[in-house]
Every structure is written in C-alpha cells, then in structure tokens.
J.: 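Here's a structure for you.
Please read these numbers as outputs of a predicted model, since none were measured by experiment. In this chain, residues are counted from 1 in sequence order.
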Amino acid sequence: MRNFIFSFLLLLFCGLINVLSNNVSAQDLFMPRNVQQAYAKGTRSMDGKPGKNYWQNHARYNITINAMPPNATIAGTETITYFNNNPDSIHTPSIKLFVNIHKPGAPRDVPAQEDYLTSGIHIDAITVNGEKINALADEGTFTNLALHLRKPLAPKDSMQLSFQWHYDVSKQSNREGMIDSTAWFIAYFYPRIAVLDDYNGWDRMPFVDSHEFYSDFNDYVVTVNVPKNYIVWGTGTLQQPEKLLQPEILKRYQQSFNSDATVRIVTAEDLVAKNVTTQNNINSWQFVANNIPDMAFGISDHYNWDACSVVVDDKTGRKAVANAAYNDSAADYHYVAQYAKHSLDWFSHNWPGVPYPYEKTTVFQGFADMEYPMMVNDEAFTDTSFARFVAEHEIAHTYMPFYMGINETRYGFMDEGWATTLEYLIGSADVGTEDASTLFKQFRVDPWINDISDNEQIPVITPGDALSETNGFGNNEYGKAALGYLAMKDLLGDDMFRKCLHAYMDRWHGKHPLPWDFFNTFSDVNGKSLNWFWNNWLFSTYYIDLSLADVKENGNSYALTIKNIGGMAAPVDVVAAYDDGTSETFHQTPAIWMNDQQQTTVNINAKKKVKSFTLDGGIWMDADTGNNTWTK
C-alpha cells in the first residue's frame, strides 16, 4: 500500500508539472525552496555563474593506513585541518563513515550477503584541536556520525580533528573490498567531514549502497604501509618511487611517462622473481593530491603493471599516464592500458574537449565497474570491445562528478547521464555510429522505453535519494538523462553545444554545481531561454512516442502532421521512400516541438515522387512504431 500511495502521489505531482509545462514560450523551471534561497542569498546567480557570495569549505587530510594482507584488518590514523568558509558558525559537523555500509542492520537498497558483512569501522579515538572527546560511534551509528563540538567553529576559522580507527576489509568486493586474499581495493576507507553547502546545509544523506557520493575538494597526503613485494596504485602523485621500486622496475616506470607504446613495468616473471619492490619488511607508499574529492588505492602482490602515456593538453604539451593493474590470466587487461590511453586522448580532444585534469589514471582489475579520482575498478571481460566500453565509461566520470563536484547522491543524472553521453560519443568514434547506436539502444534505452510501469514515468529531476532501484532510479540517471543531453546537442548544434558545455565546466569545476546552474548557464551562453526543453525532458513524466497522423501532398511538397503522444521533445528522422526504390532522410531537431509539444507540422520538399514516409527515432526509440508510417 505504501508503494502504491507513493506512486500515486508522485504521478499526481508530475501531472501538475506537465500541465504547467504546456506554456512553453516563457516558462520558469520548478526550483525547490532551499535552492531558491541560495539564489536569493547570492551564492548562486541566475546567469548560471557562481554568485558573488558563493562559498564552499575545504580541508587538508594527512592519513596513514596499515594494510597487511592476509591479515584483513586495516588500521588508520588521520589529521584533518578543516576551514570554515561559510558565514555561520559550525556546531555539529557530520562525519561520513562509508565503511559502515558493511555493518549488519545498516540501511541499504541492496540485500547483503554474509561475506559482505563486517563489524564496520571502529573509531578508537577522536580529538578536536588536541582535546579528546567522547563521540565514538555506537552500534546504531551507520554512515553518518554527528560530532558535537564543545566550542563552535566560527566563520573564517579552522579546526584540527584527528581520528584513529580500524576496520576489517569485506571479503565480498563491491566498490571496495577483497578481490582475493592478497589483492584489495581500498576506497571510502577514512572518516571524512561531510559536505556543508550553501543550499542544503550538512549532507546527512545515508549511504545505502546503490546510490553514490558527494564530496568536498580537499588536499591529501596519504601513506599506505604494506609488506614488501606489494605494489600500491592510487590517486595522486607517488612520492619517492626510487625508495619503493628496484632499479629496473623504476626505470620502466619512468619510461612509461613518455611512451606511446605500452611499457610492461611489472610482469608475471618479475612477480615470481620478487624483484619488484624494495625488500624492506614494510614499504610506505605515499601519494599526494590537491583539490580533489577523494582518494582510492589498489594493492596486490601478484598483479601485472602496464603503463603508457599521451598528450592531453596540446597548449602546454602536458601528458597523462594510463596504467593497468591486473592478473596475468585476465586476457583483456593486456590491452587495457591502451584503452585507457585512448580514453584520455579522445575525451581531451573531442567531447567534452577539456584536457584531462589529472596526471594519470589506473584501471585496476576488480569487480565493481566503478570510478574514483584517477582510479577505475573494473572486472575482466572475455569480450575486449566491452572491456574498452566499460573502461571508457568509468574514465568519463573524471569530468562528472570529480572535476565538477556534483552531488551524485541527489542529482546523479548530472554525472551518470554525462558519462553515458560520453560513452556513446566515444563509442561512435570507436566502432561507428550504427554499432554504437545498436548497443546504446539495447543497453541504455530499451529497458526504459519498453517498460510501461508507472515507476518509469518519474521525472529525471526527482532527487535520487528519494528513489531506489525499483522505481526508475537507474533509467533516470543513465539512459533518459543521456538522451536529453544528446537531444540538446542536436537542438543547438555541435558548436553552440560545445560553447555552452565549456562555459558550464569553466564556471563550476572545483565547485558544487546544481542542475539549475547548468540550465541557467546553457540559457545564458546560448542567448535565449532553454527552459522549455529542460522542462520537457527532465521535469515531466513524458516518454517518446510519435505518430505520423496525416500527410498532405502538393506535387513534390508534403506537409506531415506528427503527433507527440508521449510528449517528449525528441529528434526524429523523416525517411522518404521514393517510387524508384531509393530513399532520403530529413532530420528534424527537437526545435519542431518548441511551440507546441503535442503536435507539429513538418514540411518536406521531396526530390521525387514519394511512396511512403516513416518516422525513425534512432537512439530516441519510439515506444510504439506501429503508427510511424504513411503509405501513399
């Protein structure tokens, strides 16, 4: 009953949005009251730029962890210097403990198997400005810990927190955990201060395992202590590699910085010979990264290491390194360094056409198919083309959410939708538009357009933390959002779309953009409001279903009446089949729906006598193609 009532109320709300969106000439976008207040306070501007009063907080993390496989316990210490840039004092900061998703009883969308469960993270000590406090997590603490300060942190002031903690690595690897007993992926491993932002305050949304994350931009120094013969791959710049790698391995590592060809830095033979790392009992691998939203690491004593490099910024000649870390038995991974290099190159020079912002990426063999700053955790695939496809999607996430600081938990369509868009665009370059479109339709569009349940009619703008995998969450964030971005590209044309996208990324990288900042930037740069389009695609319950209702003929001129049964402002091709057996395609952008989203007339000047007309949506798949053809 609760699910029925929720669905009914949500559809009622969405129906109201649809009624309001019929006035398409000069409409406003729905905006939540807390977002309205941010604009009223001047932290955000209606021209799409950060407002004159925009602020965000910042921290410096110094973290040391001990990872000693096969002992499954990770122990860590950290010091956080936290800067309060907001105009109010802080009384109760929120601390994120993501590893507690493994605790029995933790709220989660995905059922947990026994191997996934652990006792969670154990906070052994906390100090604030050197003073110990009693704020340790108890059995009822999951992924949020409220930290009550004895003295509020004033605006423009800073405080120093320290944590000592330990936890057991989960035996079932998902986003993080054991790949096997001596290969681990370490992510979300440290207590962190949650985001405090200008529109919603503290991010106290629980991590429920299906949704993703929201992080501030911080500076990090992370030291990972591991036994000899273990390699550590991670976010950031590796410090003093000459103290960690034996001379021949170090030489290959350095060669990879300027090599188009794959350098086999560590091979299966090297691993057997144990001639890879310095033979201290414990090696300390330290990584440094600034202005970045997170850190992640892969460790192993039996993974190969490949690397190559590519110029990502033509103006400066700056290169980035593409790494792969994997079991020698994973056949596809022998090509993955080149796949990653191709991704860095293509994304930097084509779409989004912004130089890859970091020094490297590493694709680490695991199970998650998941992105992290400068890191990807991907499984191995028998199909090398699909292995490339997955790597490209995850590396695309570099831009959204990491470069752009998006709240993935609440507005995941701003990152997954873009990664899916870039996945299609690079795929079209890789294998051709026809094959890329076939895969895109099967993988991203078909599960939505052919699902008639009310759960799939929820607007994309609906906050993701209010949704689950059972009520449209996945399709909203991936396929539907990507179709919307690609439809906007079709509407504006490549040059204007690129100009708008670059303006958005220039204005908001390293910050926390909201959907309305994105919408307003596109309207500002384009020079006219695009609210009619965003209302149609992201705020409505519409879907794609066009009908070729009538054709009027006047010589070789034809007036086609197209009804928009589903309501969505999708591009469409009008395919004219001529009497002589040839055909011609007349592409229609979403502009045909700007003035009337229910019905439009398209005029076609044919070169020959027409036998039939057919509407073909391509990747904008039509829910019912039975009414898409007119035959003379």
Side-chain angles (χ1 to χ4, degrees), residues 26-58 83-88 155-156 195-201 203 214-218 290-293 351-355 357 398-408 410-415 417-418 421 460-461 463 481 484-485 488-489 491-535 537-539:
Q27 59 185 294
D28 292 326
L29 296 173
F30 166 78
M31 185 183 291
R33 287 184 292 172
N34 59 345
V35 177
Q36 292 178 35
Q37 288 182 350
Y39 283 93
K41 291 178 180 178
T43 55
R44 294 165 194 269
S45 172
M46 291 303 294
D47 62 5
K49 298 174 183 176
K52 63 180 181 179
N53 298 324
Y54 181 80
W55 59 266
Q56 66 190 52
N57 287 349
H58 180 76
F83 299 88
N84 181 23
N85 297 320
N86 101 95
D88 299 316
K156 307 304 178 183
V195 175
L196 174 65
D197 62 33
D198 63 303
Y199 73 96
N200 201 48
D203 169 26
Y214 185 30
S215 301
D216 267 326
F217 289 86
N218 303 306
N290 293 325
N291 200 38
I292 200 162
W351 295 104
V354 172
T398 296
Y399 298 97
M400 323 282 185
F402 302 132
Y403 186 60
M404 299 301 293
I406 289 161
N407 183 342
E408 303 170 82
R410 180 151 288 171
Y411 299 119
F413 72 92
M414 294 179 72
D415 87 291
W418 274 109
T421 299
V460 172
I461 197 67
Y485 297 140
M488 176 57 76
K489 178 174 177 288
L491 174 69
L492 295 180
D494 282 1
D495 290 343
M496 180 55 70
F497 184 77
R498 188 186 307 275
K499 185 177 179 181
C500 293
L501 177 60
H502 283 189
Y504 165 61
M505 296 179 74
D506 287 343
R507 293 172 178 184
W508 287 98
H509 73 84
K511 299 180 178 68
H512 295 307
L514 288 168
W516 294 268
D517 302 314
F518 170 74
F519 305 145
N520 291 336
T521 293
F522 265 59
S523 290
D524 176 57
V525 175
N526 174 62
K528 56 187 176 183
S529 174
L530 296 168
N531 286 356
W532 73 270
F533 180 91
W534 301 123
N535 260 319
W537 267 95
L538 303 181
F539 290 77

J.: Give the minimum heavy-atom separation between Val460 and Trp537, together with the two atoms involved.
T.: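 Here Val460 and Trp537 meet closest at CG2-O, 4.1 Å.
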
J.: Is the number of heavy atoms from other residues, nucleotides or ligands under 6.0 Å of Asp494 CG greater than 12?
T.: yes

J.: What distance separates Asn218 CG from Ile292 CD1, expressed to the nearest 0.5 Å?
T.: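 Reported to 0.5 Å precision, the distance equals 10.0 Å.
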
J.: How long is the straight-line distance from CE of Met414 back to CG of Asn407, given to the nearest 0.5 Å?
T.: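 The distance works out to 9.0 Å.
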
J.: Could you tell me which non-hydrogen atom of Tyr214 sits nearest to which non-hydrogen atom of Ile406, and how far apart they are?
T.: CD1-O, 3.8 Å

J.: Side chain to side chain contact (heavy atoms under 4.5 Å, CB included) between Ser523 and Asn531: does it pass, once the steps are laid out?
T.: CA-CA 8 Å; Ser523 290; Asn531 286 356; 4.1 Å; yes

J.: Is there a donor-acceptor contact under 3.5 Å from the side chain of Ser45 to the main chain of Gly51?
T.: no

J.: Looking only at heavy atoms, what is the nearest atom pair of Ala503 and Val525, with distance?
T.: CB-CG2, 3.5 Å

J.: If you measure from CZ on Arg498 to CG on Leu492, what distance do you get to the nearest 0.5 Å?
T.: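 Reported to 0.5 Å precision, the distance equals 12.5 Å.
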
J.: Aromatic ring centroids of Trp351 and Phe497 under 6.0 Å?
T.: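 Yes: the rings meet the under 6.0 Å criterion.
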
J.: Looking only at the side chains, is there a donor atom on one of Asp524 and Asn526 sitting less than 3.5 Å from an acceptor on the other?
T.: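 Note: Asp524 and Asn526 side chains miss the donor-acceptor criterion.
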
J.: Under the side chain to side chain contact (heavy atoms under 4.5 Å, CB included) criterion, do Asn57 and Asn84 qualify, and how do the steps go?
T.: CA-CA 6 Å; Asn57 287 349; Asn84 181 23; 3.6 Å; yes

J.: Using a strict cut-off of less than 4.0 Å between a Lys/Arg side-chain nitrogen and an Asp/Glu carboxylate oxygen, indicate whether Asp506 and Lys49 qualify as a salt bridge.
T.: no

J.: How long is the gap from CD1 on Ile461 to CG on Leu29, to the nearest 0.5 Å?
T.: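 One gets 8.5 Å once the value is rounded to the nearest 0.5 Å.
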
J.: If we ignore hydrogens and angles and just use 3.5 Å, is the side chain of Gln36 paired with the main-chain N or O of Met31 as donor and acceptor?
T.: yes

J.: Quick one about Gln37 and Tyr39 (side-chain donor to acceptor, distance below 3.5 Å, no hydrogens or angles considered), yes or no?
T.: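 The criterion, which ignores hydrogens and geometry beyond distance, is not satisfied for Gln37 and Tyr39.
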
J.: Side chains of Arg44 and Asn53, heavy atoms from C-beta outward: is any pair under 4.5 Å?
T.: no

J.: Please name the pair of heavy atoms, one in Pro515 and one in Phe413, separated by the smallest distance, quoted to 0.1 Å.
T.: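 Scanning both residues, the minimum pair turns out to be CG-CZ, 3.8 Å.
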
J.: Looking at Gly405, is its backbone amide N or carbonyl O close enough to the side chain of His512 to form a donor-acceptor pair, meaning the two atoms are under 3.5 Å apart?
T.: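 Checking the backbone N and O of Gly405 against the side chain of His512, a donor-acceptor pair under 3.5 Å is found.
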
J.: Do Trp534 side-chain atoms and Trp516 backbone N/O form a donor-acceptor pair below 3.5 Å?
T.: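 Checking the backbone N and O of Trp516 against the side chain of Trp534, no donor-acceptor pair under 3.5 Å is found.
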
J.: Is the Tyr399 to Trp418 ring centre distance short of 6.0 Å?
T.: no

J.: Are any side-chain N or O atoms of His58 and backbone N or O atoms of Phe217, one a donor and one an acceptor, separated by less than 3.5 Å?
T.: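 Yes: the side chain of His58 pairs with the backbone of Phe217.
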
J.: Between Gln56 and Gly510, is there a donor-acceptor pair closer than 3.5 Å when you use the side chain of the first and the backbone of the second?
T.: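 Present.
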
J.: Can you measure from CE (Met400) to OH (Tyr504) and round to the nearest 0.5 angstrom?
T.: 5.5 Å

J.: Give, for atom NZ of Lys499 and atom CZ of Phe522, the distance between the pair rounded to the nearest 0.5 Å.
T.: 12.5 Å

J.: Give a yes or no on whether a salt bridge exists between Lys41 and Asp198, defined as a side-chain N under 4.0 angstrom from a carboxylate O.
T.: no

J.: Has the side chain of Thr43 got a donor or acceptor atom that lies under 3.5 Å from a matching backbone atom of Ala38?
T.: yes

J.: Side chain to side chain donor-acceptor pair (under 3.5 Å) between Tyr54 and Asn85: does it pass, once the steps are laid out?
T.: CA-CA 10 Å; Tyr54 181 80; Asn85 297 320; over 6 Å; no

J.: Where is the tightest heavy-atom contact between Thr521 and Asp517, given as atom of each residue plus distance?
T.: OG1-O, 2.8 Å

J.: Of all heavy-atom pairs between Gly484 and Phe533, which one has the smallest distance, and what is that distance?
T.: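 Heavy-atom minimum between the residues: O-CZ, 3.4 Å.
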
J.: Side chain to side chain contact (heavy atoms under 4.5 Å, CB included) with Phe519: which of Leu538, Leu514, Leu530, Asn535?
T.: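 Per the side chain to side chain contact (heavy atoms under 4.5 Å, CB included) rule, the option paired with Phe519 is Leu538, out of Leu538, Leu514, Leu530, Asn535.
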
